[in-house]
Amino acid sequence: MNEKELARYVALWLGLATLVGILSGSASAIFLVFLDWATNFREANLWLIALLPLAGFGIGYVYYHYGANSTKGNNLLLEELYQSKNPIPLRMTPFVLFGTIITHLFGGSAGREGTAVQMGGSLADQLTRWFSLNQENRRLIIICGIAGGFASVFGTPLAGAIFSLEWMMTRRFRWESIFPAFLAAFVADWTCELAWGVGHTHYSIPEIPIHSFVNLAWVIPAAIAFGLSARLFAETGHAISAFFKKTIAYPPLRPVIGGTLVALIVYFSGTTTYIGLGIPRIVEAFETPLPWYDWLVKTGLTGLTLGSGFKGGEVTPLFFTGATLGNALSAWIPLPLALLASMGFVGVFSGATNTPMACTVMGMELFGYEGGIFLGLACLVAYFFSGKGSIYASQNMGWKGKLP
């Protein structure tokens with residue numbers, strides 16, 4: 001690339017990545033405000049959970065009759081990154097936004113990453129037509145949308161950029177992706193937090209042990225558990241989804257059944273701890289011992305919610321699963337409780353999405369760089385022990401796809 005081509009590249013992506021960052025950061029800010037309202041309103045009016053089946057029918061009906069390929073969610077973004085076929089519809093943004101808000105308002109167990117990433121990718125791809133981008137530049141602008149959505153919804157710009165590049169798991173990586181991804185991620189994060197004033201949850205690890213051989217060795221059994229938990233999470237969701245598709249022919253009825261089961265579980269358990277995002281429980285996992293089964297319950301309820309057709313992300317439930325599993329392991333592993341919770345937080349996420357680099361960086365952005373060695377080792381080992389598990393059916397697994 002000569003100087004003229006480099007100048008053209010910088011000028012093009014300085015403008016496009018900034019625009020995508022503003023769009024995706026604004027979308028995430030609006031989404032987070034609505035999501036916070038939905039969570040607070042549901043907790044103040046628990047009778048809404050009884051209407052979860054009806055809400056599920058509404059989501060299923062709209063997506064089935066009007067959603068087109070938006071129903072594929074994050075898998076559609078992956079398919080378009082691997083091989084450009086069809087434009088990502090703009091309707092994906094309002095559909096997944098309101099679908100996720102309704103899911104949380106009426107008591108489903110879901111996250112927010114998938115929503116932000118889908119909104120970012122959908123909004124970004126509209127620029128393909130407006131600016132007449134070629135196929136390779138289209139890939140770059142979708143990457144920008146993914147980076148912006150992820151970075152702004154969690155407040156982790158470095159992890160957002162790396163996630164958008166690592167998530168593809170493809171050998172077609174090009175260095176031209178780096179600058180747009182990082183710029184879009186930082187602009188989106190600044191737009192959400194500074195321009196819109198929407199903040200994020202803060203966590204802390206009060207005690208970091210010395211980097212001794214013994215302490216680092218104890219990370220390995222914990223990380224193996226995180227990897228196996230990630231695989232269980234992914235396979236639970238896929239199995240429930242396959243079961244509903246096989247047994248219920250009319251898609252809008254699937255979330256009706258799933259919503260009924262979730263509502264009954266909440267009613268008979270007498271707690272709302274495991275529905276919604278579960279942020280309060282995640283925070284507790286860093287502070288005090290919790291019931292050992294928390295991570296299992298969240299895995300099952302999230303699989304039932306999303307597998308039956310409700311909308312939302314998987315990542316915050318993965319945070320919940322990992323943090324509470326790390327909390328439970330503190331009874332046997334002699335490492336600080338908050339450190340184990342933080343390792344589980346990013347370790348299970350790493351195994352379920354096959355993004356150990358992004359998860360390591362995310363851990364350092366959220367919890368501080370002092371624990372980076374522990375977090376990185378946990379993410380790497382969990383990634384290896386998660387096997388072929390992935391929450392994204394369309395993800396290119398690379399060498400892991402060849403495992404038995």
Side-chain angles (χ1 to χ4, degrees), residues 1-33 74 77-78 80-81 84 87-90 92-94 96-97 112-168 172-200 355 357-358 361-362 365:
M1 181 179 290
N2 57 41
E3 292 183 3
K4 186 176 181 179
E5 291 173 333
L6 179 60
R8 186 184 302 116
Y9 162 81
V10 171
L12 174 65
W13 289 107
L14 190 62
L16 288 180
T18 299
L19 180 56
V20 171
I22 293 172
L23 289 173
S24 56
S26 297
S28 289
I30 294 169
F31 169 55
L32 290 173
V33 169
N74 285 347
L77 301 183
L78 281 168
E80 293 303 316
L81 284 171
S84 297
I88 297 172
L90 180 59
M92 174 180 273
T93 293
V96 73
L97 171 62
R112 52 192 172 177
E113 157 273 341
T115 304
V117 166
Q118 288 171 50
M119 290 193 300
S122 171
L123 291 170
D125 199 30
Q126 306 313 306
L127 303 183
T128 299
R129 182 178 68 256
W130 298 350
F131 290 92
S132 301
L133 302 180
N134 60 29
Q135 182 172 323
E136 187 56 36
N137 283 337
R138 183 190 178 221
R139 287 184 69 250
L140 295 188
I141 206 162
I142 294 175
I143 288 173
C144 288
I146 293 167
F150 190 100
S152 55
V153 83
F154 293 124
T156 54
L158 291 175
I162 296 171
F163 177 83
S164 70
L165 301 172
E166 187 181 17
W167 188 47
M168 296 182 290
R172 296 179 59 200
F173 173 80
R174 296 174 63 99
W175 70 266
E176 292 94 334
S177 309
I178 299 175
F179 170 65
F182 277 87
L183 179 57
F186 275 96
V187 171
D189 181 49
W190 295 332
T191 299
C192 181
E193 193 156 2
L194 299 180
W196 287 88
V198 178
H200 303 87
T355 56
M357 289 187 290
V361 172
M362 182 180 205
E365 286 187 287

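Since we're looking at a predicted model, the values are computed, not measured.
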Item to check | Side chain proximity check, I143 to E176, heavy atoms < 4.5 angstrom | outcome: no
Checklist entry - Should L16 and N137 count as side-chain neighbours, where that means a heavy-atom distance under 4.5 Å? => result no
Considering all heavy atoms of both residues, which atom of [X] and which atom of [Y] are nearest to each other, and what is their separation?
| X | Y | result |
| --- | --- | --- |
| G25 | T191 | C-CG2, 4.0 Å |
| A17 | P180 | CB-O, 3.6 Å |
| A147 | A161 | CB-CA, 4.0 Å |
| Q126 | I88 | NE2-O, 2.9 Å |
| S24 | G120 | CB-CA, 4.0 Å |
| V153 | A116 | CB-CB, 3.6 Å |

Checklist entry - Considering residues at least two apart in sequence or located in another chain, which fulfil the ring pair (Phe, Tyr, Trp, His ring centres under 6.0 Å) criterion with F182? => result none
Checklist outcome for this item: Residue set satisfying ring pair (Phe, Tyr, Trp, His ring centres under 6.0 Å) with F31, at least two apart, ordered chain then number -> none
Next on the checklist: Over 60° means perpendicular and under 30° means parallel, so tell me whether W167 and F163 are parallel, tilted or perpendicular.
Outcome noted: parallel
Could you check whether any side-chain N or O of [X] sits under 3.5 Å from a backbone N or O of [Y], counting only pairs where one atom can act as donor and the other as acceptor?
| X | Y | result |
| --- | --- | --- |
| D189 | P157 | no |
| S122 | P89 | yes |
| E113 | G149 | no |
| Q118 | G114 | yes |

Item to check | Verdict with reasoning, L32 to H200, per side chain to side chain contact (heavy atoms under 4.5 Å, CB included) | outcome: CA-CA 9 Å; L32 290 173; H200 303 87; 4.1 Å; yes
Between [atom1] on residue [X] and [atom2] on residue [Y], distance to nearest 0.5 Å:
| X | Y | atom1 | atom2 | result |
| --- | --- | --- | --- | --- |
| Y9 | W13 | OH | CH2 | 8.0 Å |
| L123 | L23 | CG | CG | 5.5 Å |
| L183 | I178 | CG | CD1 | 13.5 Å |
| F150 | R112 | CZ | CZ | 10.0 Å |
| M119 | S26 | CE | OG | 10.5 Å |
| I146 | L77 | CD1 | CG | 5.0 Å |

Item to check | V187: which of L19, V20, I22 passes side chain to side chain contact (heavy atoms under 4.5 Å, CB included) | outcome: I22
